[in-house]
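Keep in mind that what you see is a predicted model, and the values were worked out from it rather than measured. Start at 1 and go down the list; that is how both ligands and their atoms are numbered.
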Amino acid sequence: MKYIFVTGGVISGLGKGITASSIGRLLESRGIKVTAIKIDPYLNVDAGTMNPFEHGEVYVLDDGGEVDLDLGNYERFLDISLTSAHNITTGKVYKSVIEKERTGEYLGKTVQIIPHITNEIKAHIVNVAEATGAEVCIVELGGTVGDIESMPFLEAVRQMNQDLGKGRSCLFVHTTLVPIMGTVGEQKTKPTQHSVKELRAIGIQPDILVARCKEPLEESIRRKISLFCDVPIEAVVTAADARSIYDVPMTLEEQGLTDYVMQRFGLTAKLDELEEWRAFAGRIHDQERVVKIACVGKYTNLADSYISHLEAFHHAGAEAGARVQVVFVDSEVVQQYGITEELLGADGILIPGGFGTRGIEGKIATAKFARENRIPFLGVCLGFQIATIEFARNVLGMEGANSTEFDPDTPFPVVDLLPEQKNVKKMGATMRLGAQPVMVEEGSLAFELYGKALIMERHRHRFEVNPKHIEELEKGGWKFTGRSADGIKMEIGEMKGHDYYVASQFHPEFKSRPGKPSPLHFGLVRAAIAHKYGGTQ
Ligand code: GLN
């Protein structure tokens, strides 16, 4: 097993996750089997208890793991399915060490950060990587070098490099920032020098530097960085601003990064196939048609809160034949001021998942607007529940219909707590989570889009359509064309008489991949194209 550790310097948000994913994609293009691990130095055991404003979307895996959104990038770039063990957090590591201490496993020793925490980290990385049967494991370290909370992780990976024969099985990739200053546009290397110095103080010498910069690095700047940081010039590469994240692998490939990594590890290429990926990245942008999708939610100030939807729309647009422009609309604004201009100009509308009461009435008003004006509509998870509430209120005349999540005393609880959730007190990892089978009704739109009757999709919810109201809802025209395997939980809704008014209790965005878009997002984009440009879908 070879390891590539990806660290970040200078500032956060440099696209470390995309660098890590792109390197993985490049190695895969040469026929190398790759897996990936994300380390998050926070104390939460997993991302499930965090608000999307903290670190962006909570990504959900097949096994129900609620993890950092970078695992979504790995799954999309590497076309693999990961498990929650691929996200290591400080909380997970300490929890396990403390449990071992309580059972007496340390035989009377003083339990310390070094070696007990660091050993735990090393063992976790090795066990997870080896279980996958991959040849290369990419380990991304969250946070920025110099943060107190990253220290035990950096120390652990420094030791791993020693343990595995210095430099033979481990490579360190450090991502930094090269700002451009002043009117002459000078590229500045000092932040990079300082962050490499910081890394070396911990005992880690980077092998590869990936510099984020607005422009490609000038030759003299690369030479300077190489000299000051003691990294060979061919291993100083630029990640200049790209059209989309899917172009980043090509940028790195052109600078010889794949060859460099292969040669450092002594790997031989079994393939050379980046063409399919290149063609896909091209299809995202090289489109004559453009459709606008409005995403109506309450985390709209941070695009990362809806990153899997954004990517699913890129995947869908590439295959449906349009560039998809997503505009964010704050549901609280709709609630206060009514249908906004962005909504009026949208070719399609998405109501994504969410929790809590804030902005709910704005979302209900949006669903009504889409239904009445026949705007292509997709509701996901909370969006599915919203569509149900709106229909009950405004079509079936159930005044005050609601979810008991928002109004425990509603006269028409058309959305209610799942029975198995009634006694749940602990909040972490207790929702209905992960991949669950869904039976799709033959002849439905969902069946046409999925092309099969049994699908596996990922879930994350506590509430569901109340079984007591299913019959009335269906009679009125809100048809449930997807159900759980036991037939009890409603999974997909389709509005009768509409071209595309579809919603799902599950999250199709999490399994969307380049070249294999989420069927429901594809359906929405296809309908949005028909809505804007006319013609049949
Ligand atoms: N709050 C809703 C529930 O718990 C929807 C969850 C979601 O959108 N992920 O069922």
* Run the contact test for Glu464 against ligand 1 with a 4.0 Å cut-off on heavy atoms, strictly below, and give the result. => no

* Asked: Looking at ligand 1, does any of its N/O atoms fall within less than 3.5 Å of an N/O of Gly353?
  -> no

* Residue His507 vicinity, atoms of ligand 1 by number, heavy atom under 4.0 Å -> 9 (N)

* Asked: Closest non-hydrogen protein atom to atom 4 (O) of ligand 1, residue and atom name please, with distance?
  -> Arg462 N, 3.0 Å

* Select one of side chain, backbone, both or neither to describe which atoms of Arg460 lie under 4.0 Å from any atom of ligand 1, heavy atoms only. => backbone

* Reference residue His309; test side chain to side chain donor-acceptor pair (under 3.5 Å); the match among His521, Glu57, His314 -> His521

* **Heavy-atom nearest neighbour of atom 7 (C) of ligand 1 within options Cys381, Gly383, Ser403** => Cys381

* Side chains of Asp46 and Asn87, donor plus acceptor under 3.5 Å -> no

* To do: Considering heavy atoms of the protein only, find what lies nearest to atom 1 (N) of ligand 1 and give residue, atom and distance to 0.1 Å.
  => Glu405 OE1, 2.8 Å

* Asked: Are His315 and Tyr246 close enough that a side-chain donor and a side-chain acceptor fall under 3.5 Å?
  -> yes

* To do: Answer yes if the side chains of Ser504 and Glu457 hold a donor-acceptor pair under 3.5 Å, and no otherwise.
  => no

* Aromatic rings Phe53 and Tyr299: how do their planes relate, parallel, tilted or perpendicular, breaks at 30° and 60°? -> perpendicular

* Report the nearest protein non-hydrogen atom to atom 5 (C) of ligand 1: residue, atom name, distance rounded to 0.1 Å. => Gly354 O, 3.3 Å

* Asked: Just distances here: any N/O of Gln385 and N/O of ligand 1 closer than 3.5 Å?
  -> yes

* **Heteroatom distance test (Leu382, ligand 1): nitrogen or oxygen, under 3.5 angstrom** => yes

* Going by distance alone, is a donor N or O of one side chain under 3.5 Å from an acceptor N or O of the other, for Thr430 and Arg462? -> yes

* To do: Please examine the side chains of Val415 and Glu405, heavy atoms only from C-beta on, and report whether any two atoms are closer than 4.5 Å.
  => no

* Non-hydrogen side-chain atoms of Ser150 and Leu141 separated by less than 4.5 Å -> no

* **Within-cut-off N or O pair, Phe463 and ligand 1, under 3.5 Å** => yes

